[in-house]
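All ligand and atom numbering here is 1-based and tracks the order in the structure. Only a predicted model underlies this, so the values are computations on that prediction, with no experimental measurement involved.
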Amino acid sequence: MATTIQIEDNITVGTLAERLKLPVTRLIGELMKNGILATINERLDFDTAQIIVGELGLDVELVQKTEELTVVPKERQKRTGDHLSPRPPVVAVMGHVDHGKTTLLDAIRGAHVAQGEAGGITQHISAYQVSRGDRLITFLDTPGHEAFAAIREHSALLTDIVIIVVAADDGVKPQTIEAIRYARKAGVRIIVAINKMDKEGANPNLVKQQLAEQDLLVEDWGGDIVALPVSAKAHQGIDELLDMILLVSDVEELQADATVSAQGLIIEAHIEQGRGPVAHALIEEGTLKAGDFVVSGATYAKIRNLESTSGQVLKTAGPSTPVVISGFKTLPEFGEAFRVVANEKLARSQAEKTSISQHAGTARSDMSGSELLRIMSRSDTLQELPIIVKADVQGSLTSVADSLKSADTDEVAVRIVESGVGAINDNDIYMAHSSGAIVYGFGTTIPSNIKRIASRDKVSVRLYNVIYELIDDVRTELGHLLAPEVIEKVLGVLEVKAVFKTTKSEVICGGEVLEGKLTVPALARIDRGKEMIAEAKVTQLKRASNDAKEIATGELCGISLSTDSRVELQEGDKISVFTRETRARSL
Ligand code: GDP
């Protein structure tokens with residue numbers, strides 16, 4: 001009889017290998033055979049895990065654990081500020097396979113592609129804009145059914161509105177439920193498109209009832225979810241759908257600041273013959289211009305050509321615009337943020353810094369050691385604390401596991417590698433040793449021979465009889481995983497009046513202290529207008545020709561800065577002098 005193993009959706013490759021008691025390299029190998037390049041930290045959706053387990057020929061039946069929903073409110077929405085202006089909504093289309101997502105996107109694109117964009121739709125389209133009246137809507141082309149949950153989730157996170165497509169003749173299906181879950185998790189607005197209304201078996205009422213079973217109440221069921229009947233194939237209901245998107249975005253008051261330097265997310269990246277790395281990016285804030293320098297993770301680009309996703313050359317592009325950027329030194333990663341910096345030096349140094357810290361991270365975590373896999377892996381910011389829990393009886397094991405969930409935060413989480421009832425045994429120690437886990441025993445014991453193995457293998461075993469003491473200990477361990485808090489304190493700001501000397505590693509200038517006081521030693525940030533152009537160290541302050549420890553507001557002084565590379569200061573630049581400390585955090 002097949003063994004049943006419970007796994008969560010979006011399980012990491014490492015955890016799945018542990019649950020299956022397989023070497024992780026075997027699982028990675030099988031994934032590769034199936035065309036999936038994954039590292040130990042990559043997440044797999046349930047369907048993929050099931051397919052891979054089938055391919056491995058294991059006598060195992062996977063069952064999906066249902067996870068709790070957490071609502072992440074979207075911070076981009078409903079903002080306040082001086083330079084905010086309305087921006088187009090970003091819309092993703094999701095739903096079960098064959099319910100008509102592609103046909104719907106084609107119908108929308110075919111009928112309404114923004115002026116001047118018709119024609120040249122490229123193979124790698126990832127997002128596009130359509131116009132309705134004098135307004136624009138940005139659509140993300142969501143990947144098809146072969147794509148994985150992590151990617152689908154990512155596109156939900158980029159989005160303001162998710163259109164969930166449900167075929168009127170087929171009703172709510174597993175991927176419909178998954179799409180609803182992702183949309184809720186991302187805190188975005190949902191519009192339901194009840195598609196295939198032209199078909200004979202179309203039953204929109206049944207769809208609405210099934211949606212209600214998922215707690216999605218449409219307007220005629222007394223809820224606030226808009227559900228529109230459409231036929232993607234017959235091009236019916238498309239205009240109404242676009243109008244509804246605009247109405248919903250008006251209610252959401254979607255705004256962005258187009259005056260700041262641009263930032264956003266990479267939504268697609270590939271190598272194109274003759275052009276090298278080409279990235280599709282969605283601008284979230286600011287205005288991107290041809291000639292700008294952008295940094296994304298460990299790579300950067302000088303934008304030679306700024307183009308729309310259908311190949312039209314653009315001079316500038318504002319918030320919510322999908323654009324094509326070529327000129328990246330290496331392939332940027334899907335889902336990685338990008339932002340504009342002042343010059344190439346800064347772009348290069350920031351990309352290098354990220355590259356160095358990524359290498360440091362992979363040296364610890366990437367067991368495959370393959371450079372290719374490293375490049376393919378997404379950065380995973382959640383730090384996990386692997387633990388093994390043993391308890392005296394099933395009831396207390398369940399309460400310990402439930403209480404542990406409460407210790408999780410967005411940054412750190414407990415990962416229960418193994419759990420069971422009874423005394424701690426050699427298998428627990430073996431598992432802990434191979435996964436780096438701490439073994440927690442609740443109301444249970446450890447025989448002395450096992451204790452010896454634990455101490456030989458340097459496995460930490462901790463026994464508790466009081467649940468909150470155990471949880472406190474876990475919290476302390478989680479706290480150690482938190483990245484330290486960086487505290488910066490601005491001490492004073494100087495305006496540059498004259499530049500005396502500039503070399504590769506030093507710049508000396510004179511200016512007036514506008515606020516606060518300057519001290520030495522300290523750090524300095526140089527800003528030109530709204531843009532930061534460099535960071536440096538204050539090495540000397542001079543009042544007239546004498547060295548000074550401090551210079552107060554209103555005084556004129558000379559300041560020497562040590563820099564990583566040549567910094568061309570200009571009159572009017574602002575130098576903020578500050579201190580930076582790191583402090584350990586606790587939960
Ligand atoms: P996706 O997997 O969700 O992207 O679904 P597709 O767009 O590929 O559509 C799956 C099938 O349903 C295709 O054969 C489409 O022609 C068909 N289809 C999509 N929309 C409609 C519709 O409104 N009416 C009918 N009759 N068929 C549709």
* Structure fact -> The reported gap from CD1 in Ile163 to CG in Leu105 (rounded to nearest 0.5 angstrom) is 8.0 Å

* **Residue from Val218, Val192, Leu241 passing side chain to side chain contact (heavy atoms under 4.5 Å, CB included) with Leu228** => Leu241

* Shortest non-hydrogen separation from Leu288 to Leu306 and the atoms involved -> O-CD2, 3.5 Å

* List every atom of ligand 1 that sits less than 4.0 Å from any heavy atom of Lys199, numbering the atoms from 1 in the order shown and giving each element. => 26 (N)

* Asked: What's the shortest heavy-atom distance between Arg275 and Ser326, and which atoms?
  -> NH2-OG, 3.6 Å

* Asked: In chain order, what residues pass the side chain to side chain donor-acceptor pair (under 3.5 Å) check against Gln350, with sequence neighbours excluded?
  -> Arg339

* Structure fact -> Note: ligand 1 atoms sitting under 4.0 Å from heavy atoms of His96 are 3 (O)

* What residues form a side-chain contact (heavy atoms from CB on, under 4.5 Å) with Asp134, not counting sequence neighbours? -> none

* Is Lys196 in polar range of ligand 1, meaning some N or O pair under 3.5 Å apart? -> yes

* Which is it for Asp98 and ligand 1 at heavy atoms under 4.0 Å: side chain, backbone, both or neither? -> both

* Out of Thr103, Val93, Thr102, who gets a non-hydrogen atom closest to atom 15 (C) of ligand 1? -> Thr103

* Asked: For the residue pair Pro229 and Met197, what are the closest heavy atoms and their distance?
  -> CB-CG, 3.7 Å

* Under 3.5 Å: N/O of Gly100 near N/O of ligand 1 -> yes

* Asked: Which of the atoms of ligand 1 are close to Lys101, meaning less than 4.0 Å from one of its heavy atoms?
  -> 1 (P), 2 (O), 3 (O), 4 (O), 5 (O), 7 (O)

* To do: Compute the shortest N/O to N/O distance between Ala232 and ligand 1 and return yes if it is under 3.5 Å, no if not.
  => yes

* To do: Please state whether Met197 comes within less than 4.0 angstrom of ligand 1, counting heavy atoms only.
  => no

